[in-house]
S.K.: 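Have a look at this one.
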There are 2 protein chains.
Amino acid sequence: MSRQMVRPGGRSARVQASVHAAVHELASEVGRDALTVPLVAQRAGVTPSTVYRRWGDLQELLSDVAVKRLRPDTAPGDHGALASDLTAWAEQFLDEMAHPAGRSYIRDALLGDPDGSNAGQCSAYAADQIDFILTRAAERGEKTPDVETVIDRVVGPMMYRILFRPDGLDAAYARRLVAEILGSTGP
Amino acid sequence: MSRQMVRPGGRSARVQASVHAAVHELASEVGRDALTVPLVAQRAGVTPSTVYRRWGDLQELLSDVAVKRLRPDTAPGDHGALASDLTAWAEQFLDEMAHPAGRSYIRDALLGDPDGSNAGQCSAYAADQIDFILTRAAERGEKTPDVETVIDRVVGPMMYRILFRPDGLDAAYARRLVAEILGSTGP
DNA sequence: ACCTTAAAGCAAAATCATTGCGTCTAGCGA
DNA sequence: TCGCTAGACGCAATGATTTTGCTTTAAGGT
């Protein structure tokens, strides 16, 4: 259940950071599939029981780390027009998510507690970014589709292909989806 | 890696059937999260090492079972027109997949060997059903979108919401997606 | 009917997961 | 500032799962 810190500062925070960093490092050293709780714990300098107590099991931990990694670290760029903003965002999204590492993170995020908000978090990140882009466009006076429409027509299809048919995805696909949605709503 | 049978008939097949059945039964008796390899093996009347040798780990086994369960057992119904056929199919698809059990199967299917074709299989099942519907409509002389378009505009969005935002999904959503795609291609 | 070999059983060893209990420390009120 | 207190961690014992070497079984071909 991804027990969150009750005491944000201090040791608790250090342990969390240390464990997250350990997952991160080991994932690239030995591969995601070779991760085990004892291995991560040793690298993090904590005991396995600490990890089990805080995260429950390896899946929860990985899910937790994945969500953090999937959080966008920067606001969508401003290219002056909705079409360019959305296209650039979709291209970058697809590029990051379609890489093997990105796919792993997504799958891990889907695995956390079923009712837990981990997958929902990821969805919310994307929705926030899209909302930001659309709001900015609206302030420019552009006619915009709403967030749900963009999710249905751009994010959904991209994610489906990333998860279920990871081959043959490229930036042109993202551009096509964006072009189609703007064509039916835009100027 | 979901080692397939090299010897289709005989003991190998019986073991596979027995193990699959055991997963199935136990999943409904004790819940999917309580499944363990030893438990499944005992119910199936095999030794755990057999399961580990054939499937590698529990995830692969569940993924294998999930794909089998997700295979449609019946051809899409004929309602006389593309719009009704597609709508009915989408409604049923959403209904089955959005239920907790369906979501579990999908998530399990996504977990198999990353390069393995388990997730791809599921996608292919849907594509086949859609192709069947579209081909039948074309034979009636109706103008139809192509399969990829239906996947992008109907299956992708539905699957995204099932996986990432499982709340507030209903048949009306499926109907809306189908209506929108036919509106832009159809009569 | 015999041979070959993939696949299953068996059992020991290794690794991982779980849990009770004592210790420590961050955060809080006096 | 100085204790309190409760949550979080470490340690260590216990139980369960996973892995592995070796043996046995039986399917499929000759």
S.K.: Think A/Arg54 has a side-chain N or O under 4.0 angstrom from the OP1 or OP2 of D/dC9?
M.R.: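 A/Arg54 to D/dC9 OP1/OP2: side-chain N or O found under 4.0 Å.
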
S.K.: Report the distance from atom CD of A/Glu60 to atom P of C/dT18, rounded to the nearest whole Å.
M.R.: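 Whole-Å distance recorded here is 12 Å.
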
S.K.: Going only through I, L, V, M, F, W and Y residues with side-chain contacts under 4.5 Å, is there a path from A/Val19 to A/Val67?
M.R.: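 No, no single cluster joins them.
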
S.K.: Take atom CG of B/Leu58 and atom C1' of C/dC16, then tell me their distance rounded to the nearest Å.
M.R.: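 Distance check: B/Leu58 CG to C/dC16 C1' gives 15 Å.
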
S.K.: Would you kindly give the CZ-to-C1' distance between B/Arg53 and D/dG21, to the nearest whole Å?
M.R.: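 After rounding, the gap between these two atoms is 8 Å.
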
S.K.: Would you please confirm or rule out a distance under 4.0 Å between OP1 or OP2 of C/dA7 and any side-chain N or O of B/Ser12?
M.R.: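 So the side-chain polar atoms of B/Ser12 never come under 4.0 Å of the phosphate oxygens OP1 or OP2 of C/dA7.
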
S.K.: Does the side chain of B/Thr149 come under 3.5 Å of the side chain of B/Asp152 through a donor N or O and an acceptor N or O?
M.R.: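 Checked: B/Thr149/B/Asp152 side chains show no N/O donor-acceptor pair below 3.5 Å.
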
S.K.: Say whether, by atom type as modelled, one donor and one acceptor occur between the side chain of B/Thr135 and the main chain of B/Asp131 under 3.5 angstrom.
M.R.: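 Present.
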
S.K.: Taking OP1 and OP2 of D/dT25, is either one under 4.0 Å from a side-chain nitrogen or oxygen of B/Arg11?
M.R.: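 The answer is no; no side-chain N or O of B/Arg11 sits under 4.0 Å from OP1 or OP2.
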
S.K.: Can a donor-acceptor pair be found between the side chains of A/Arg175 and A/Thr87 at a distance below 3.5 Å?
M.R.: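 On atom types as modelled, these side chains do not qualify, holding no pair under 3.5 Å.
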
S.K.: Pull out every residue in residues 28-48 of chain A that has a heavy atom closer than 4.0 Å to any atom of DNA chain D, ordered by number, or say none.
M.R.: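 Those residues are A/Gly45, A/Val46, A/Thr47.
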
S.K.: Are side-chain heavy atoms of B/Asp64 and B/Arg54 found at a separation under 4.5 Å?
M.R.: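 Side-chain contact under 4.5 Å: no.
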
S.K.: Nearest-Å distance, CH2 (A/Trp55) to P (D/dA8)?
M.R.: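 Checked: the CH2 to P distance equals 11 Å.
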
S.K.: Between B/Arg103 and B/Asp108, does at least one N-O distance fall below 4.0 Å, as a salt bridge requires?
M.R.: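 Salt bridge between B/Arg103 and B/Asp108, a charged N being under 4.0 Å from a carboxylate O: no.
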
